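Atoms within a ligand are numbered from 1 in the order they appear, just like the ligands themselves. Numbers here are sequence positions counted from 1. Remember, it's a predicted structure, so these values are computed and weren't measured experimentally.
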Amino acid sequence: MQTTRTHIQSRDTEMRARAARVIPGGMYGHQNAGTLPEGFPQFLERGRGCHIWDVDDNEYIDFMCSYGPIILGHADPIVDAAAAEQQSNADCQDGPSSRIVELAELLVETIPHADWAVFQKNGTDATTLCVSIARAATGRRKVLVARGAYHGSAPWCTPRPAGTTPEDRAHLLHYTYNDLASVEAAAAEAGSDLAAIVVSPFRHDAGLDQELVDPAFARGLRELCDRAGAALILDDVRCGFRLSLQGSWEPVGVRPDLSAFSKAIANGYPLAAVVGRDSFRDAVRQVFATGSFWFAAVPMAAALATITTLRDTDALVRLAAAGEALRHGLATQAESYGVRVRQTGPVQMPFLSFVGDTEYQRARLFTGEAIKRGVYLHPRHNWFLSAAHSQEDVNDALEVTDVAFAKVREAFGDD
Ligand code: PMP
């Protein structure tokens with residue numbers, strides 16, 4: 001690993017200046033590198049496996065995996081071949097290709113609570129459609145969401161109020177993740193108007209330590225929804241396919257009524273899916289939900305290749321093993337430097353925070369030192385492992401994080 005290499009960013013600087021003139025704010029959304037420490041590239045040029053290159057040809061070991069979509073590795077040959085073959089026939093046509101049926105069948109076969117599937121493009125499309133389906137099915141309005149959870153950028157769920165009206169969120173009620181009493185209280189407030197409870201597989205709010213789901217909490221939500229005749233919606237957009245192919249709460253033993261998937265479903269090709277139980281089939285038919293690109297065949301061919309590869313190989317086992325090795329290596333290093341850290345969330349989607357780091361100064365220094373040396377980590381968002389992370393890649397990354405921990409120790413001492 002090039003722990004002492006020069007990190008030149010002249011082309012990135014030039015592209016940022018050009019972007020600032022034609023893209024408001026220079027960049028937007030979660031991929032705005034302006035919010036990241038100095039040294040992070042804004043513009044990326046290519047990716048292979050778990051390695052990515054920026055516009056200045058700096059190479060990084062990628063621990064963000066495009067914020068989740070890359071699960072087998074960038075430019076996975078099997079997925080890209082399936083996509084290319086489909087592309088050579090057609091992608092966007094007057095009607096869907098047969099891939100849509102094959103993919104719906106594969107999801108229904110793979111995910112125990114899925115009796116049907118419908119497809120969209122982004123996670124926000126899928127979570128928003130789940131809410132509409134629940135409302136159509138129940139004829140009710142109120143929806144419970146966890147305080148601080150992210151479910152997308154539509155007016156009903158965006159974390160920023162600009163451009164929304166109070167009416168957009170008038171029927172949302174909030175609960176605290178893993179606190180069943182707070183859910184009961186919100187459900188009581190909703191009364192006979194409760195349409196759905198939306199929940200993520202674990203608490204993965206940006207900037208906070210992650211919190212795994214308490215199985216008793218998950219079971220409590222299931223019981224409450226059954227009692228109230230409301231839909232239990234699992235927002236599996238971020239976790240889906242990484243933790244379990246059957247849906248992220250299958251290992252917990254709780255089956256939702258509706259699940260929203262996107263991100264890793266097609267290894268980077270744009271696709272989202274809503275799956276659900278038979279009892280919601282009629283409601284799906286009533287809701288008018290569509291989009292010009294929702295039926296495109298290339299991402300569906302990519303999804304078929306991605307999910308069958310995950311099913312038929314040890315990819316998820318290797319992915320978790322790489323995550324374990326990373327967690328273990330970071331823990332050993334932090335301890336050796338006397339730097340107090342917390343590692344939370346599943347190893348497949350890890351998060352590292354520094355004790356007492358209220359303004360993220362240590363996290364910013366740590367990830368800023370890592371990026372300069374060729375390791376792409378994020379100071380405030382959970383990271384993602386892929387099946388392309390070999391033990392050797394993890395070891396190379398750990399050589400860099402060792403230096404980054406030394407810098408944190410140097411700057412902050414052991415406080
Ligand atoms: N739900 C969750 C849990 C997410 O993590 C995200 C994206 N980060 C979304 C919904 C929205 O997905 P998208 O950005 O594809 O619209």
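Cation-pi geometry between Arg380 and Tyr360 is satisfied (NZ or CZ under 6.0 Å from the ring centre, within 45° of the ring normal).
Between the CG atom of Asn382 and the NE2 atom of His204 there is a distance of 7.5 Å, given to the nearest 0.5 Å.
The salt bridge (charged side-chain N to carboxylate O under 4.0 Å, His left out) analysis of residues 274-288, with sequence neighbours excluded, yields the pairs Asp257-Arg277, Asp278-Arg281, Asp282-Arg285.
Contact residues for ligand 1 (protein heavy atom closer than 4.0 angstrom to any ligand atom): Asn122, Gly123, Thr124, Tyr150, His151, Gly152, His204, Asp235, Val237, Arg238, Lys263.
The aromatic rings of Phe261 and Phe241 sit tilted relative to each other, their planes meeting at an angle between 30° and 60°. Classified by interplanar angle (parallel below 30°, tilted 30° to 60°, perpendicular above 60°), the ring pair Tyr67/His378 is perpendicular. Using a 30° and 60° split on the angle between ring planes, Tyr376 and Phe40 fall in the perpendicular class, above 60°.
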